[in-house]
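Everything below concerns the one structure shown next.
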Amino acid sequence: MEETYLYDPSLLIKLDFHRSPAKFKPFISAASPGEPWMKVRPLKDTDYDRGFLQLLSQLTHVGNVNRTQFLTRFSQMKASGDYFVTVIEDTRKNEIIGAASLVIERKFIHNCAVRGRLEDVVVNDTYRGKQLGKLIVVTVSLLAEELGCYKMSLDCKDKLIKFYESLGYVAIPGNSNSMTIRYDEGPTLKRNATSAGSSGTVGDSCQTVSLDFAS
């Protein structure tokens, strides 16, 4: 059966992991992820059968997405050219064990520049100790730079700020709030605004951190 990549896999081979401030011990990269049975690559249209959605369910609610829905969304993402869902596969088990998404925003500002957003970062918790969290985040961050993004942003819980800071991301004082309107929680809109000064618990508070390629 012929398989289709979401984007050109050769983009990952070009990435220079020495450009990242992340410290890998031992050194690994998208091209050499540390184990012969690991592969870092773009999402494929056949990954429905490799547990991709089950992995995402470790991060958040996924729902009952059937194969037709998966393939339709995959085709929409590929056609747009602005989605770069990247995965780590355990080729021994034919199973997706890590994933992260780079979403490109096309702007009028900064001379019609493009900005990246890091979304849906998840690693199977049975693969701890192999630096896979750092690997998948650095991969999509370097990919954003390779694609010409002027910066990369993400929202994260307070407890993850130090992790992302170790990878080069910065929480900008006075400009690191995360605000949300949810449309999927009933008839009443639920608004949530959190920041570094939030009085909520660490697990509930969320901040926006950025990686600036222009500075």
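Sequential numbering from 1 along the given sequence is applied to the chain's residues.
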Checklist outcome for this item: Taken in chain and number order and not counting sequence neighbours, the residues that satisfy side chain to side chain contact (heavy atoms under 4.5 Å, CB included) with Thr46 are Met1, Glu3, Lys44, Arg50
Checklist entry - Are any side-chain N or O atoms of Asp45 and backbone N or O atoms of Thr4, one a donor and one an acceptor, separated by less than 3.5 Å? => result yes
Item to check | Separation between CG of Asp82 and CG of Leu147, rounded to the nearest 0.5 Å | outcome: 9.5 Å
Item to check | Residue among Arg41, Glu89, Glu95 satisfying side-chain contact (heavy atoms from CB on, under 4.5 Å) with Asp47 | outcome: Arg41
Checklist entry - Is there a donor-acceptor pair under 3.5 Å between the side chain of Tyr48 and the backbone N or O of Val65? => result yes
Next on the checklist: Given 3.5 Å as the limit, does a donor-acceptor pair link the side chain of Ser101 with the main chain of Asp120, or not?
Outcome noted: no
Checklist entry - Restricting to pairs with a member in residues 23-33, which pass side-chain hydrogen bond (donor to acceptor under 3.5 Å, both in side chains), not counting sequence neighbours? => result none
Checklist entry - Do the non-hydrogen side-chain atoms of Thr86 and Leu102 ever get within less than 4.5 Å of each other? => result no
Checklist entry - Which heavy-atom pair separates Gln58 from Asn124 by the least distance, and what is that distance? => result OE1-CA, 3.6 Å
Checklist entry - Looking at Phe24, is Lys134 sitting on its ring face, NZ or CZ under 6.0 Å from the six-membered ring centre and within 45 degrees of the normal? => result yes
Checklist entry - Side chains of Ser153 and Thr208: donor-acceptor distance under 3.5 Å anywhere? => result no
Checklist entry - Do the charged groups of Asp90 and Lys39 touch, with an N to O distance under 4.0 Å? => result no
Next on the checklist: Can you confirm whether Val121 sits close enough to Val137 that some side-chain heavy atom of one is under 4.5 Å from a side-chain heavy atom of the other?
Outcome noted: yes
Next on the checklist: Restricting to ring pair (Phe, Tyr, Trp, His ring centres under 6.0 Å), what partner residues turn up for Phe27, sequence neighbours left out?
Outcome noted: His18
Item to check | For Lys78, all residues meeting side chain to side chain donor-acceptor pair (under 3.5 Å), sequence neighbours excluded | outcome: none
Item to check | Heavy-atom pair with the smallest gap, counting every atom of Val138 and Ala22 | outcome: CG2-CB, 3.7 Å
Item to check | Step-by-step ring pair (Phe, Tyr, Trp, His ring centres under 6.0 Å) determination, Phe213 to Tyr150 | outcome: CA-CA 5 Å; Phe213 302 118; Tyr150 72 93; 9.0 Å; no
Next on the checklist: Working note: Thr180 + Arg182, criterion side chain to side chain contact (heavy atoms under 4.5 Å, CB included); need CA distance, chi angles, decisive distance, verdict.
Outcome noted: CA-CA 6 Å; Thr180 304; Arg182 295 295 299 262; 3.7 Å; yes
Please report, to 0.1 Å, the donor-acceptor pairs under 3.5 Å made by any side chain of residues 163-172, with sequence neighbours excluded.
from   : atom 1 : to     : atom 2 : distance (Å)
Ser166 : OG     : Phe163 : O      : 2.5
Tyr169 : OH     : Ser141 : OG     : 2.6

Next on the checklist: Please say yes or no: joined through hydrophobic side-chain contacts below 4.5 Å, possibly via intermediate residues, are Val103 and Leu59 part of one cluster?
Outcome noted: yes
Checklist outcome for this item: Ala99 and Ile136 have their tightest heavy-atom pair at C-CG1, 3.7 Å
Item to check | For Leu12 against Ala30, the heavy-atom pair lying closest together | outcome: O-CB, 4.2 Å
Checklist entry - Is the count of non-hydrogen atoms from other residues, nucleotides or ligands lying under 6.0 Å from Arg128 atom CZ greater than 12? => result no
Item to check | Taking every non-hydrogen atom, the tightest pair across Pro42 and Val87 | outcome: O-CG2, 4.1 Å
Checklist entry - Regarding Asp8 and Ser10, is there a side-chain donor-to-acceptor distance under 3.5 Å anywhere? => result yes
Item to check | Chi angles and distances behind the side chain to side chain contact (heavy atoms under 4.5 Å, CB included) call for Leu142, Glu146 | outcome: CA-CA 6 Å; Leu142 291 173; Glu146 177 70 21; over 6 Å; no
Next on the checklist: Is there a side-chain contact between Pro33 and Ile28 in this structure, where contact means two heavy atoms from C-beta onward sitting under 4.5 Å apart?
Outcome noted: no
Next on the checklist: Could you measure the distance from the CG atom of Leu143 to the CZ atom of Phe84? Nearest 0.5 Å is fine.
Outcome noted: 6.0 Å
Checklist entry - Out of curiosity, Leu154 CG to Glu119 CD, how far, rounded to the nearest 0.5 Å? => result 8.5 Å
Item to check | Any Val122 side-chain heavy atom under 4.5 Å of Thr60 side chain | outcome: no
Checklist entry - Phe17 and Leu15: side chain to side chain contact (heavy atoms under 4.5 Å, CB included), yes or no, with the steps? => result CA-CA 6 Å; Phe17 274 65; Leu15 304 180; 4.0 Å; yes
Item to check | Under the side chain to side chain donor-acceptor pair (under 3.5 Å) test, residues paired with Tyr83 that sit two or more places apart | outcome: none
Checklist outcome for this item: To the nearest 0.5 Å, atom OG1 of Thr72 lies from atom CG of Asn66 at 8.5 Å
Next on the checklist: Ignoring hydrogens and geometry beyond distance, is a side-chain donor-acceptor pair present between Asp212 and Ser210 at under 3.5 Å?
Outcome noted: no
Checklist entry - Just wondering, are more than 12 heavy atoms of other shown residues or ligands nearer than 6.0 Å to CG in Asn111? => result no
Next on the checklist: Grouping I, L, V, M, F, W and Y whenever their side-chain heavy atoms are under 4.5 Å apart, do Val114 and Phe108 come out in a common cluster?
Outcome noted: no
Next on the checklist: What verdict does the side chain to side chain contact (heavy atoms under 4.5 Å, CB included) test give for Thr68 and Phe70, after you've listed the backbone C-alpha separation in whole Å, the side-chain angles of each residue and the deciding distance to 0.1 Å?
Outcome noted: CA-CA 5 Å; Thr68 299; Phe70 175 85; over 6 Å; no
Checklist entry - Of all heavy-atom pairs between Leu55 and Val123, which one has the smallest distance, and what is that distance? => result CD1-C, 4.1 Å
Checklist entry - If you measure from CD1 on Ile97 to OG1 on Thr126, what distance do you get to the nearest 0.5 Å? => result 7.5 Å
Next on the checklist: For the OH atom of Tyr5 and the CG atom of Leu43, what is their distance to the nearest 0.5 Å?
Outcome noted: 11.0 Å
Checklist entry - Does Met152 reach the side chain of Val140, with side-chain heavy atoms less than 4.5 Å apart? => result yes
Checklist entry - Which residue, Arg19, Arg115, Lys151, forms the salt bridge (Lys or Arg N to Asp or Glu O under 4.0 Å) with Glu145? => result Arg19
